[in-house]
Amino acid sequence: MAIETSVDVFAVPTPEPETDGTARWTATTVVAVRLGADGEEGLGWSYTEAAAAALVRDVLAPAFGDADPDDVPLLRHRMRAAVRNAGATGVAAAALSAVDVALWDLKARRAGRSVASLFGRIRQEAVVYGSGGFTGYDDATTAAELEHWLALGIRDAKIKIGQGWGTDVERDLARAALARRVLGDGHDLLVDANGAYSVGQAVRTGRALADLDVTWFEEPVSSDRPEQLAAVRAQVPMDVAAGEYVWRLADAQQLLEHGAVDCLQLDVTRCGGWSAWFECAALAEAHGLQVSAHCAPHLAVHAAVATPNARHLEYFVDHERVDAALFEGLPPVVDGALRPDVAAPGHGMRVARGAERYRVG
């Protein structure tokens with residue numbers, strides 16, 4: 001049967017320019033894919049470039065042919081074949097991820113079930129940690145954001161460090177000390193350098209961060225060099241994490257086989273959707289490791305509650321704001337956790353009527 005496809009591009013501006021150790025941005029672009037069959041519609045999306053929309057329309061959707069929309073493995077196979085020559089990572093992976101999520105949402109809606117119940121849950125909810133703490137924040141803004149997470153019942157929080165490609169480590173450490181004071185004892189403090197440091201610099205910084213009881217050091221060096229991540233991991237006491245740029249199973253395999261991480265991060269809007277999440281999570285389990293969702297918490301929660309070795313979800317300040325602007329039916333944070341609505345068909349979310357103001361192209 002024919003699968004009807006529509007694609008929208010939205011851009012939601014940031015309140016002010018946002019920065020981490022290696023990047024600066026002023027808007028978040030979201031490519032939303034809607035797939036229809038038998039009067040039902042599935043929705044998936046990715047935080048990516050607008051070019052992903054053309055890939056969905058011109059490359060991925062034509063590959064569906066007459067396949068049954070319930071046959072997600074077949075459709076994934078066809079889509080991956082379709083992007084072989086274009087390249088299966090980056091924007092193509094983000095496009096495929098959005099379609100994969102939409103296919104599962106469509107399948108669940110056609111079956112009259114929630115996605116979480118279709119996957120089969122091992123837990124009822126997934127713990128989140130608050131995330132943001134951009135390097136451009138002043139101290140007052142950093143403190144206010146951390147206090148916001150605590151007010152939501154979120155126990156643990158992450159800030160960005162590595163300012164200017166690691167050129168101001170003294171300020172990085174001062175901001176981490178501020179975050180520790182605001183959070184207080186009994187709360188995990190996580191930091192993310194976004195690959196800004198060199199190996200030696202990351203090791204020295206990691207040892208200093210240990211004095212602040214930092215428990216998570218994300219991308220101290222670039223995940224493009226898993227052997228360097230492994231070198232840092234061997235010399236710092238906190239967990240080293242990476243994986244937000246896992247575009248496919250082979251990328252996860254590289255990080256795991258190099259011993260580069262204590263916890264593998266996965267982004268359902270980049271790694272290939274929910275289908276690939278479960279493949280990568282099983283690979284991490286085979287190495288005795290947990291997985292953690294990078295961003296996209298309102299989508300990731302549906303897979304995380306069905307994943308035995310899922311640790312937590314990143315509740316990123318951008319997605320708290322962007323998702324609320326674009327989508328309805330978002331699961332709320334309650335007592336520091338997200339819980340899928342298993343009474344709602346699919347993942348329970350739709351494009352909001354107010355999203356029209358953010359449409360581009």
Got more than 12 heavy atoms from elsewhere within 6.0 Å of CZ, Arg171?
-> yes
Please round to the nearest 0.5 Å and tell me the distance separating atom CG of Leu330 and atom CG of Asp341.
-> 12.0 Å
Leu229 CG to Ser222 OG distance, which is reported to the nearest 0.5 Å = 7.5 Å
Apply side chain to side chain contact (heavy atoms under 4.5 Å, CB included) to Leu35 and Leu103, showing your working.
-> CA-CA 7 Å; Leu35 303 177; Leu103 284 169; 3.6 Å; yes
Looking only at atom types and distance, does a side-chain atom of Asp267 sit under 3.5 Å from a main-chain N or O of Ala296, one as donor and one as acceptor?
-> no
Among Glu219, Glu218, His294, find the one that has a side-chain hydrogen bond (donor to acceptor under 3.5 Å, both in side chains) with Gln265.
-> Glu218
Residues clustering with Val334 (ILVMFWY side chains joined when closer than 4.5 Å, directly or via others) = none
Which atoms form the tightest heavy-atom contact between Phe217 and Ala202, and what is the distance?
-> CE1-O, 3.4 Å
Cut-off 3.5 Å, no hydrogens considered: what does the side-chain donor-acceptor table look like for residues 126-137, sequence neighbours left out?
residue	atom	partner	partner atom	Å
Tyr129	OH	Lys158	NZ	3.0
Ser131	OG	Glu314	OE2	2.6
Thr135	OG1	Thr19	O	3.3
Thr135	OG1	Thr19	OG1	2.8
Thr135	OG1	Asp20	O	3.4
Tyr137	OH	Glu145	OE1	2.7

For Leu152 and Glu320, work out which heavy atoms get closest and say how close.
-> CD1-OE2, 3.8 Å
Could you tell me if the ring centre of His187 sits under 6.0 Å from that of Trp149?
-> no
Are the charged groups of Asp239 and Arg311 less than 4.0 angstrom apart, N to O?
-> yes
Ignoring hydrogens and angles, tell me if any N or O in the side chain of Arg270 forms a donor-acceptor pair with the backbone of Glu244 under 3.5 Å.
-> yes
For Ala304, does its backbone N or O pair with a side-chain atom of Arg123 as donor and acceptor, under 3.5 Å?
-> yes
Flag the pair Arg110 and Asp68 as a salt bridge only when some basic side-chain nitrogen lies within less than 4.0 angstrom of an acidic carboxylate oxygen.
-> yes
Closest non-hydrogen contact found for Leu189 with Ala179 is CD1-CB, 3.7 Å
Evaluate side chain to side chain contact (heavy atoms under 4.5 Å, CB included) for Glu125 paired with Asp335, printing each intermediate quantity in order.
-> CA-CA 10 Å; Glu125 62 186 19; Asp335 295 329; over 6 Å; no
Could you state the interatomic distance from CZ (Arg57) to OG1 (Thr5), rounded to the nearest 0.5 Å?
-> 11.0 Å
Verify, without hydrogens or angle tests, whether Arg80 (side chain) and Arg84 (backbone) share a donor-acceptor contact under 3.5 angstrom.
-> no
For the student: nearest non-hydrogen atoms of Pro69 and Ala37, plus distance = CG-CB, 3.9 Å
Taking only Lys NZ, Arg NE, NH1 and NH2, and the carboxylate oxygens of Asp or Glu, determine whether Asp70 and Lys107 approach each other closer than 4.0 Å.
-> no
When the aromatic ring centroids of Trp274 and Phe119 are compared, is their separation below 6.0 Å?
-> yes
Check whether any side-chain N or O of His347 sits under 3.5 Å from a backbone N or O of Met349 as a donor-acceptor pair, and report yes or no.
-> yes
How long is the span from the NE2 atom in His258 to the CD atom in Gln228, to the nearest 0.5 Å?
-> 10.5 Å
Among side-chain atoms of Asp138 and Thr141, is any donor-acceptor pair under 3.5 angstrom?
-> yes
Whether Gln201 side chain and Gly166 backbone form a donor-acceptor pair below 3.5 Å | yes
Could you tell me whether the side chain of Thr29 and the main chain of Ala50 form a donor-acceptor pair under 3.5 Å?
-> no
Short side-chain to backbone donor-acceptor contact, Gln254 and Ala250, under 3.5 Å = no
With rounding to the nearest 0.5 Å, note down the distance linking CZ in Arg175 to CG in Asp168.
-> 10.5 Å
Using the rule that two of Ile, Leu, Val, Met, Phe, Trp, Tyr join whenever any of their side-chain heavy atoms come within less than 4.5 Å, decide whether Val236 and Val191 are in one cluster.
-> yes
Candidate pair Asn309 and Thr307, rule side chain to side chain contact (heavy atoms under 4.5 Å, CB included), full reasoning = CA-CA 6 Å; Asn309 58 322; Thr307 303; 3.3 Å; yes
Please determine if Glu41 and Arg109 form a salt bridge, counting it only when a charged side-chain N lies under 4.0 Å from a carboxylate O.
-> no
So which heavy atom on Ala67 is nearest to which on Ile3, and how close?
-> O-CD1, 4.2 Å
Does the side chain of Asp318 pick up a donor-acceptor pair with the side chain of Trp25 at under 3.5 Å?
-> yes
Polar side-chain atom of His302 near backbone of Asp105 as donor-acceptor pair, under 3.5 Å | no
Start with the C-alpha gap between Tyr245 and Asp251, add the side-chain angles, then the distance that decides, and say whether side chain to side chain contact (heavy atoms under 4.5 Å, CB included) holds.
-> CA-CA 8 Å; Tyr245 298 112; Asp251 297 324; over 6 Å; no
So with a 6.0 Å cut-off around CD of Glu4, is the heavy-atom count from everything else above 12?
-> no
Asp323 side, atom CG; Tyr315 side, atom OH - distance, nearest 0.5 Å = 8.0 Å
Here the pair of heavy atoms bringing Ala284 nearest to Leu264 is CB-CD2, 4.1 Å
Look only at the side chain of Thr215 and the backbone of Met238, and say whether a donor-acceptor pair between them is shorter than 3.5 Å.
-> no
N-O pairing of Lys160 and Glu18 below 4.0 Å | no
